[in-house]
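One structure below.
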Amino acid sequence: MNYLIIHNDKEIIIRPEYQRLFRWSNEQRSRLIESIILGLPIPPIFLVEGNNGVLELIDGLQRTSSVLQFLDHEAINEPELVLIGCDILGSLNGLRFRDLPLTVRLKVKRSPIRATIINKTGDAFVKYEMFKRLNTGGSLLSAQEIRNCSSRMVDGGDIFYDAIQEMAQYPSYLKATSRLPDTFREKRADEELVLRFFAVTLYRQNYKGNIETWLDSFMEDILFGRQPFDLTAERQRFFSVFDLISEKIGSDAFTRFNDDGQAVGRLAPAYYEASVCAFDSNRESLASLSAEDVRKRLQAAFSDNRFITATGPGANTVPKLNERIAVVAEYLAA
């Protein structure tokens, strides 16, 4: 299997929307090319075969993209890769693919890919678990990126993930979560917060103290039919809650207030959980309150010693999760 041939023949799908296309630095990309030229073994890539026979890359995106960029950068709309940081073959530094001798260019182009292909018609749970254990080579994927990729191993999982991605782009949600740093968004933290909204409002009784495990279990139970989830209705509920949050308090809903009553700092997940639960359970009554009144109530809730204690050290324990949710709900109840 050849990188360039299978890409240009559209026999492989690369989905950069659920894995960041180039997390690797130029030095990492260059050292991969150096390793290929040296004939060193390259970790395999993993693909899932679709019903039409086309392969979808699920692990090895960094390696595949780096080689494609070096061979034909225009094919993936990236700048030409100039080798840098090669420490074994230092003479490669500063060279592009076209600068290499013909024999070396052919070696790179003809280097085979070791690939493991997972048949999509196989057992869905086995395929799902396989990808969860795949995070090989290069920079690690975030927990949400792994969820996004592994969901595609299950029939209907792509629909669920696409819905999560759609909701993460909803204007009211973007406004309310605008304090989330861009570096977090790059790792799909915005999509994880969408999943967290549904988990904390539908699946809180299954929380045992580990956020990552809880979110994994919630998504798995939805994908494998163990957790009822009407996507159309839940999407509408999500839109309704964030329309209300955006209208009443905007980006100040999930952050601290200083002594002058000004919202400060970035989005805090512990504040997010408590606020979304309170807004969800009090939608009708909150809709009739003024934005000023809602703000005062939320500020008072965040200043309550019970809430401060429940968002301090050990905030991810079950009692503290339930306590902070209860405190904010108390203040926002009409």
Side-chain angles (χ1 to χ4, degrees), residues 167 172-181 184 189-190 192-215 217-218 227 234 237-334:
M167 286 183 271
S172 294
Y173 176 78
L174 289 172
K175 178 180 177 181
T177 60
S178 60
R179 290 180 180 271
L180 185 68
F184 286 34
D190 53 341
E192 180 169 283
L193 286 174
V194 174
L195 187 66
R196 202 157 171 165
F197 166 83
F198 291 114
V200 77
T201 58
L202 296 174
Y203 199 74
R204 182 157 42 115
Q205 72 279 7
N206 294 300
Y207 180 65
K208 306 299 182 185
N210 184 295
I211 296 291
E212 185 173 324
T213 301
W214 177 50
L215 294 178
S217 297
F218 175 57
Q227 168 69 33
E234 293 301 339
R237 180 169 68 94
F238 176 87
F239 291 162
S240 176
V241 170
F242 278 94
D243 281 343
L244 182 62
I245 292 173
S246 176
E247 175 191 347
K248 299 299 182 182
I249 195 164
S251 65
D252 296 350
F254 314 128
T255 192
R256 298 168 180 82
F257 291 89
N258 62 20
D259 293 339
D260 296 324
Q262 300 298 312
V264 294
R266 66 191 187 190
L267 183 151
Y271 286 53
Y272 174 88
E273 294 161 347
S275 290
V276 296
C277 278
F279 273 91
D280 180 52
S281 59
N282 294 283
R283 269 179 286 168
E284 290 187 11
S285 58
L286 287 172
S288 64
L289 298 179
S290 68
E292 182 181 3
D293 192 2
V294 173
R295 183 183 183 86
K296 287 180 178 179
R297 289 175 180 233
L298 194 63
Q299 186 177 348
F302 290 171
S303 301
D304 190 298
N305 285 331
R306 293 172 298 164
F307 183 84
I308 293 171
T309 300
T311 54
N316 286 339
T317 63
V318 175
K320 288 192 173 184
L321 171 66
N322 290 328
E323 175 72 357
R324 60 178 173 265
I325 290 173
V327 170
V328 178
E330 175 187 317
Y331 277 89
L332 292 189

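- Put simply, the side chain of Thr255 gets close to the backbone of Val264: a donor and an acceptor are under 3.5 Å apart.
- Separation of the Tyr331 and Phe307 ring centroids does not fall under the 6.0 Å cut-off.
- Leu215 and Ala199 get closest at one heavy-atom pair: CD2-CB, 3.7 Å.
- Residues Phe254 and Leu193 fail the side-chain proximity criterion, which asks for heavy atoms closer than 4.5 Å.
- Atom CZ of Arg179 is surrounded by more than 12 heavy atoms from other residues, nucleotides or ligands within 6.0 Å.
- For the pair Lys208/Thr213, no side-chain contact is recorded, criterion being any heavy-atom separation below 4.5 Å from C-beta on.
- Here the CZ atom belonging to Arg204 is positioned 4.0 Å from the CD1 atom belonging to Ile325, to the nearest 0.5 angstrom.
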*Passes side-chain contact (heavy atoms from CB on, under 4.5 Å), Leu286 versus Lys248? Steps please.*
CA-CA 9 Å; Leu286 287 172; Lys248 299 299 182 182; 5.7 Å; no
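- One distance of note links CD1 of Ile249 with NZ of Lys296; it measures 12.5 Å at 0.5 Å rounding.
- Considering CG of Asp304 and CD of Glu323, their distance stands at 8.0 Å, rounded to 0.5 Å.
- Listed for the Arg196 side chain is no donor-acceptor partner under 3.5 Å among the backbone atoms of Pro269.
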*side-chain contact (heavy atoms from CB on, under 4.5 Å) assessment of Tyr271 paired with Leu267*: CA-CA 8 Å; Tyr271 286 53; Leu267 183 151; over 6 Å; no
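- Under the 30°/60° scheme for interplanar angles, the aromatic rings of Phe302 and Phe257 are found to be tilted.
- For the pair Leu298 and Ser275, the tightest heavy-atom approach, listed with the atom from each and the gap, is CD1-OG, 3.8 Å.
- For the atom pair Leu195 CG and Met167 CE, the distance stands at 9.0 Å (nearest 0.5 Å).
- Residue Arg283 places its CZ atom among more than 12 non-hydrogen atoms of other residues, nucleotides or ligands, all under 6.0 Å distant.
- The aromatic rings of Trp214 and Tyr207 lie perpendicular to each other, with more than 60° between the two planes, well past the 30° mark.
- With hydrogens and angles disregarded, no donor-acceptor distance shorter than 3.5 Å links the side chain of Tyr173 to the backbone of Phe238.
- Between the side chain of Ser288 and the main chain of Ser285, a donor-acceptor pair closer than 3.5 Å is present.
- With Lys175 contributing its side chain and Glu247 its backbone, the two residues share no donor-acceptor pair below 3.5 Å.
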*For the pair Phe242 and Phe279, evaluate side-chain contact (heavy atoms from CB on, under 4.5 Å) and give the outcome as yes or no after the intermediate values.*
CA-CA 9 Å; Phe242 278 94; Phe279 273 91; over 6 Å; no
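- Salt bridge present: Arg237 and Glu234 bring a charged side-chain N and a carboxylate O closer than 4.0 Å.
- Using a distance-only test at 3.5 Å, with no hydrogens or angles considered, a donor-acceptor pair links the side chain of Asn282 to the main chain of Ala278.
- To the nearest 0.5 Å, atom OG of residue Ser178 and atom CG of residue Asp252 are 8.5 Å apart.
- One N or O on the side chain of Thr311 and one on the backbone of Ile308 form a donor-acceptor pair closer than 3.5 Å.
- Residues Val328 and Cys277 form no side-chain contact, since every pair of their non-hydrogen atoms from C-beta on lies 4.5 Å or further apart.
- Residue Arg266 holds its CZ atom at 9.0 Å from CZ of Arg256, rounded to the nearest 0.5 Å.
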_Check against side-chain contact (heavy atoms from CB on, under 4.5 Å), Ile245 and Val276_ = CA-CA 8 Å; Ile245 292 173; Val276 296; 4.3 Å; yes
